[in-house]
Protein chains: 2
Amino acid sequence: MAHSPKRKLFLDLVRAIFRINGLLLADGDRMAEGVGLTSARWKVIGIIALSNAGVTVPGIARALGQSRQAVQRITDVMQIDGLVSYATNPRHKRSVLVQLTDQGQQVYHALRTVQDPWAIGLTDDVPVDELESALRLLQRLIFRMEKP
Amino acid sequence: MAHSPKRKLFLDLVRAIFRINGLLLADGDRMAEGVGLTSARWKVIGIIALSNAGVTVPGIARALGQSRQAVQRITDVMQIDGLVSYATNPRHKRSVLVQLTDQGQQVYHALRTVQDPWAIGLTDDVPVDELESALRLLQRLIFRMEKP
DNA sequence: GTCAGGCTGACTCTATGTTGTCAATCTGCT
DNA sequence: AGCAGATTGACAACATAGAGTCAGCCTGAC
């Protein structure tokens, strides 16, 4: 059984991914809490902030690898809360662009003041090349899982 | 800014973890579907099968890093479906042990016949040492996130 | 033995996310 | 221009997961 240890290794990796996913959501909730957000909005606002021109709801969903319905619900609530606004999309009549309002940008900036030290603190003693190789491995797995 | 690239690298890793978590759940649903399970029950049945003597519901929750309420709901449904049974715990009067029934073991076995080729296929051309180092990195991050 | 603190089961509420469906719109090909 | 297929918004049903609460049981220190 040449692949048996590899199989166990992979399943351990799967369990670790489930575990760290939960921990990341918990940390996201904790960080976002201070500025009145949740981890789901934390994920969404990060994608919106990355794109200057504004993105569509399905675009955010594709970036996160989630269903557009889930993202739509998040952005709808964030629009009610005044964090994002819907702007007409010159390239698509129905699909509006999601943009950060001034308040949304302030919230994102406040988020960064918590998120950056968090990211730095967690990777304090982790070499860059280890991060790189782990990221490459995950992206490789993602690619293989997305194809079929 | 010596740590700026590392910060971006880590955030990319976070995004990859969110992405692969969703893909793993989708694959888990797809594999578990054939034997009448869902990805949540797939995760739970794996933990139960790993322990011969039976585990408590909070024990499963700790192994998965989830709330015991979430696990309790899963095991309750699985008990109704006849996959698991609750046995009295000699070491704790109220906290019962969750065990696989014969049917549960059959389902787990059927699951393995799908899951093992899946695991092997995904890691086909991935060197063992890359899996090991990625797993170590994630476990290191998990350890740091669990402490506080 | 006793008792404080921790663990567990049961319940509720809320948030998140997937799937399915339908109509309206868009895109690319002819 | 016109049409087939893909994309999008809107809505609904369902599964999953966390947080909070309460009462009952258990454990360990004394």
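Each chain gets a letter, A, B and so on, in the order the sequences are listed, and its residues count up from 1. Just so it is clear, the values below take in all heavy atoms, side chains as well, and ignore hydrogens, waters and symmetry mates. In this text, all values refer to a predicted model and were calculated from it rather than measured experimentally.
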(message) Heavy atoms from C-beta onward define the side chain here; which of C/dT16, C/dG17, D/dT16 lies closest to that of B/Arg73?
(response) D/dT16
(request) Check the distance between C/dT14's P and A/Arg41's CZ and give it to me in whole angstrom. (result) 14 Å
(request) Taking A/Lys6 for its side chain and B/Val126 for its backbone only, find out whether a donor-acceptor pair lies under 3.5 Å. (result) yes
(request) Return the value, rounded to whole Å, for the distance between atom CG of B/Leu64 and atom C1' of D/dG18. (result) 14 Å
(request) Please identify each residue that fulfils salt bridge (Lys or Arg N to Asp or Glu O under 4.0 Å) with B/Glu33, with sequence neighbours left out. (result) none
(request) Would you indicate, yes or no, if C/dA15 has its OP1 or OP2 atom less than 4.0 angstrom from a side-chain nitrogen or oxygen of A/Lys43? (result) no
(request) Round to a whole Å and report the spacing from CD1 of B/Ile60 to C1' of D/dA17. (result) 16 Å
(message) Output the rounded distance in Å from CD (A/Gln79) to C1' (D/dG9).
(response) 14 Å
(message) Rounded to whole Å, how long is the line connecting atom CD1 of B/Ile74 with atom P of D/dC14?
(response) 17 Å
(message) Closer than 3.5 angstrom, by distance alone: can the side chain of B/Thr56 be matched with the main-chain N or O of B/Gly59 as a donor-acceptor pair?
(response) yes
(request) May I ask you to check whether B/Asp29 and B/Ser39 show a side-chain donor-acceptor distance below 3.5 Å? (result) yes
(request) Could you walk me through whether B/Trp118 and A/Phe10 pass the ring pair (Phe, Tyr, Trp, His ring centres under 6.0 Å) test, one step at a time? (result) CA-CA 10 Å; B/Trp118 168 79; A/Phe10 176 67; 5.3 Å; yes
(message) Can a side-chain donor-acceptor contact be found between B/Gln106 and B/Asp102 if the only test is distance below 3.5 angstrom?
(response) no
(message) Could you tell me how far apart A/Asn21 (CG) and D/dA17 (C1') are, to the nearest whole angstrom?
(response) 11 Å
(request) Look at the side chain of B/Lys43 and the backbone N and O of B/Thr38, then say whether any donor-acceptor pair between them is shorter than 3.5 Å. (result) no
(message) Within the 4.0 Å limit for protein heavy atoms, which parts of nucleotides 6-12 of chain C are touched? Write it as a string from 5' to 3', B for base, S for sugar-phosphate only, - for none.
(response) --BBBB-
(message) What residues from residues 29-40 of chain B pass a heavy-atom cutoff of under 4.0 Å to DNA chain C?
(response) none
(request) Ignoring hydrogens and angles, tell me if any N or O in the side chain of B/Arg144 forms a donor-acceptor pair with the backbone of A/Gly121 under 3.5 Å. (result) yes
(request) Give the rounded distance in Å between these two atoms: CE of A/Met78 and P of C/dA15. (result) 15 Å
(request) May I have the distance from B/Gln66 (atom CD) to C/dA15 (atom P), rounded to whole angstrom? (result) 20 Å
(message) Looking at A/Ile47, is its backbone amide N or carbonyl O close enough to the side chain of A/Ser51 to form a donor-acceptor pair, meaning the two atoms are under 3.5 Å apart?
(response) no
